[in-house]
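All heavy atoms count here, side chains included; hydrogens, waters and symmetry mates do not. Predicted model only: the values in this text are computed from it and were never measured.
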Amino acid sequence: MKVRVRFAPSPTGFLHIGGARTALFNWLYARHTGGTFVLRIEDTDVARNTQAAVNVILDGLRWLGLEWDEGPITGDATGPDKGDCGPYFQSHRKANYRARVEALLSRGLAYEHEGAVKFKMTREPVVIHDAVVGDVRRELTDREAADPDFVIVRSDGEPVFHLVNVVDDLEMNITHVIRGEDHLSNTAKHIALFRAFGVPSPQYAHIPLILNPDGTKMSKRDQGALMTAYMDGGFVPEAVVNYLCLLSWSPKDNREKLPLAEVVERFDLPQILRANARFDRDKLLWLQGEYAREFGDDRFYELSIHALGRAGFDTNLFPVDYVKAALDTCKGKIKLFNELPGYAGFYFKDEFDYTPDGVKKDFIPENKPRLQKLRDAFAGLSPFIAVDLEIALKRVAGELGVKAGVLVHPARLACTGNTAGPSLYHLLEVLGKDRVLLRLDRALARMG
RNA sequence: GACCCUAUGGUCUAGCGGUUAGGACACCACCCUUUCACGGUGGUAGCCCGGGUUCGAUUCCCGGUAGGGUCGCCA
């Protein structure tokens, strides 16, 4: 039997990091088994659905690289889709639900109740055979024991989650339901519905949740909960996906950074851990840095230029070779691409403020004659290249009887406005003699 | 309140009926160095508690505790 899994988000809120992880595990299992990954939009809550949320779901999955085999192609519920089990928006499957409810009603398995339809839930404990958690015997809670039946169609005629979820899994021939553990308790209801429809339940696999760093449940309002925070925050999908793979799953060989293709090869349901995991942004950031450092030039330039553009820097105003040379000095130094405007913006603007800490420390009176002497030495240099700049600076330092750092720090502040940044000699070479002398003069005037 | 899941350093994890309990992030110190970052070396820190089984439990069983989830005409 060919594996068919689905990710079935509800567009009532923006794509969540936990939802992304659920999508990832479904995708991994589909790819691992050579199965099919279906995307289904559960938009039955008309009042709370938004088109923007649908778009973020599609954009987010594509950004992560989790392409689906079946499902909508655009965020338009009436738009094109791919696959033989559509429509993939639940808002367009109402006839299916109606027919299923009729069948239950006619067989006495459901009944009308004050305008709504309720399903006659079994009173017996339900055993859930879960691929991750094992066998779970779910008994009724006290409140359920008082009234075990539950609503499957609202009095306004709209079908409810438990019903539509099961009907679609059934009609879309879903073989494995991989979802968050928050659904484990509800699974008894779903199994009862499958029984009522006379078909076996899919294989369930309930995966642990992602918690906040303090161990509380991550909600949409928490820091870092939304996928857009990563998409817009200068992260790369490789790092986010890699990090997500390491939550509740492990390659078991002490490696942390590993290619997705290898995860696909090794991923399987029984090895998924059972305990919730806390989200650790520091570790994600570390992985982000690992990836950012190892990108090829083209990818690095592309992401960098994009990040600079978002911050208002138009790199098209500069020669391509200049832009590339400037970015080359930043590679391996930054983690988040969002850091780049602050880190390398000095290459692309002549007017900038000096960081106050640096002014206090480096633009001191005794440094003025030193910087002047350095400026004069630089003025005589041709060509203006890093190795010669370093020799010149160290010679001046020697003549002054000071360590190189005494000149390096004010020179850096003068030319970049910052106390930290790319290699000084290389950034000077990239800026070029004219810009460097101009900036040194400006700093000298400022120190006056 | 009831039902369900879970429990290895601060965090993510490996592991085992007998191990000096391994790795990674973070943190601290030192080295490298023009800053930052990288890299290198070293370090602090862990098997939730109580019973039971056993020659021996972090590992198996039971209980407790703690954390999480669910019990909607939300999904």
Task: B:rC5 and B:rG9, which share atom name P, separated by this distance in whole Å - done: 22 Å
- [ ] Any chance you could measure A:Lys283, atom NZ, to A:Asn242, atom CG, to the nearest 0.5 Å?
- [x] 9.5 Å
Task: A:Asn55 vs A:Pro11 side-chain heavy atoms within contact, under 4.5 Å - done: no
- [ ] Quote, to the nearest angstrom, the P distance that separates B:rA57 from B:rG1.
- [x] 36 Å
TODO: Sort out the partner of B:rG1 for me: Watson-Crick or G-U wobble, both distances under 3.5 Å, none otherwise.
DONE: B:rC71
Task: Nearest listed nucleotide, side chain of A:Asn186, among B:rC5, B:rC71, B:rU34 - done: B:rC71
Open item on the list: From the set B:rG69, B:rU34, B:rC4, return the single nucleotide nearest to any side-chain atom of A:Lys394.
Closed with: B:rU34
Open item on the list: Check A:Arg123 with A:Asp149, please: is the shortest side-chain N to carboxylate O separation under 4.0 Å?
Closed with: yes
Task: Side chain of A:Glu114 (C-beta onward), nearest among B:rC73, B:rG23, B:rG69 - done: B:rC73
TODO: Kindly state whether the ring of A:Phe313 and the ring of A:Tyr347 have centres lying under 6.0 angstrom apart.
DONE: no
TODO: Return the nucleotide paired to B:rA26: Watson-Crick means purine N1 to pyrimidine N3 with N6-O4 or O6-N4, wobble means G-U with N1-O2 and O6-N3, both under 3.5 Å.
DONE: none
- [ ] Using whole Å, report how far NZ of A:Lys217 lies from C1' of B:rG67.
- [x] 14 Å
Open item on the list: I'd like to know if A:Thr419 reaches the base of B:rU35 with its side chain such that a donor and an acceptor end up less than 3.5 angstrom apart.
Closed with: no
Task: Whole angstrom value for the distance that separates P of B:rA14 from CZ of A:Arg255 - done: 14 Å
Open item on the list: Let me spell it out: for each of A:Thr12 and A:Glu390, pick the nucleotide of RNA chain B with the closest heavy atom. Which residue's pick is nearer the 5' end?
Closed with: A:Glu390
TODO: Indicate yes or no: does A:Arg370 engage A:Asp362 in a salt bridge with an N to O separation below 4.0 Å.
DONE: no
- [ ] Check the distance between B:rG23's C1' and A:Glu256's CD and give it to me in whole angstrom.
- [x] 7 Å
Task: P atoms of B:rU8 and B:rC16, separation to the nearest Å - done: 16 Å
- [ ] Kindly say whether, by distance alone, the side chain of A:Asn276 makes a donor-acceptor pair under 3.5 Å with the base of B:rA7?
- [x] no
Task: A:Phe279 and A:Tyr243: CA distance, side-chain angles, deciding distance, ring pair (Phe, Tyr, Trp, His ring centres under 6.0 Å) verdict - done: CA-CA 10 Å; A:Phe279 190 82; A:Tyr243 177 68; 5.3 Å; yes
TODO: Could you work out the separation of B:rC32 and B:rU41 based on their C1' atoms and round it to a whole Å?
DONE: 11 Å
Open item on the list: Let's see if you can work this out: which of B:rC74, B:rG22, B:rC12 has an atom nearest to the side-chain heavy atoms of A:Arg278?
Closed with: B:rC12
Open item on the list: For the C1' atoms, the ones on B:rA21 and on B:rA14, what distance do you get once it is rounded to whole angstrom?
Closed with: 10 Å
- [ ] Name the orientation class of the two ring planes belonging to A:Tyr111 and A:His113 (parallel below 30°, tilted from 30 to 60°, perpendicular beyond 60°).
- [x] perpendicular
Open item on the list: What's the closest nucleotide to the side chain of A:Lys333 if the choices are B:rA37, B:rA14, B:rC74?
Closed with: B:rA37
Task: Euclidean distance, atom NZ of residue A:Lys189 to atom C1' of B:rG72 [Å, nearest integer] - done: 9 Å
Task: Nearest-nucleotide pick for A:Ala277, side chain only, options being B:rU13, B:rG22, B:rC38 - done: B:rU13
TODO: Check every atom of B:rU70, B:rA75, B:rC25 against the side chain of A:Ser10 and return the nucleotide holding the closest atom.
DONE: B:rA75
Open item on the list: Any N or O donor-acceptor pair under 3.5 Å from the base of B:rU34 to the side chain of A:Arg412?
Closed with: yes
- [ ] Could you tell me the separation between the NZ atom of A:Lys252 and the P atom of B:rG23, rounded to a whole number of Å?
- [x] 18 Å
Open item on the list: Please report the distance, rounded to the nearest Å, between CZ in A:Arg154 and P in B:rG72.
Closed with: 15 Å
Task: Closest listed nucleotide, where the reference is the side chain of A:Leu184 and the choices are B:rA14, B:rC5, B:rG10 - done: B:rC5
TODO: Please state how far atom NE2 in A:His129 lies from atom C1' in B:rC4, giving the value in whole angstrom units.
DONE: 16 Å
Task: Heavy-atom donor-acceptor pair, A:Lys283 side-chain to B:rU13 base, under 3.5 Å - done: no
- [ ] Write down the distance separating the C1' atoms in B:rG52 and B:rG56, rounded off to the nearest Å.
- [x] 14 Å
- [ ] Measure from CG on A:Asp142 to C1' on B:rC3 and round the result to the nearest Å.
- [x] 8 Å
Task: Closest listed nucleotide, where the reference is the side chain of A:Ser155 and the choices are B:rC73, B:rU13, B:rU70 - done: B:rC73
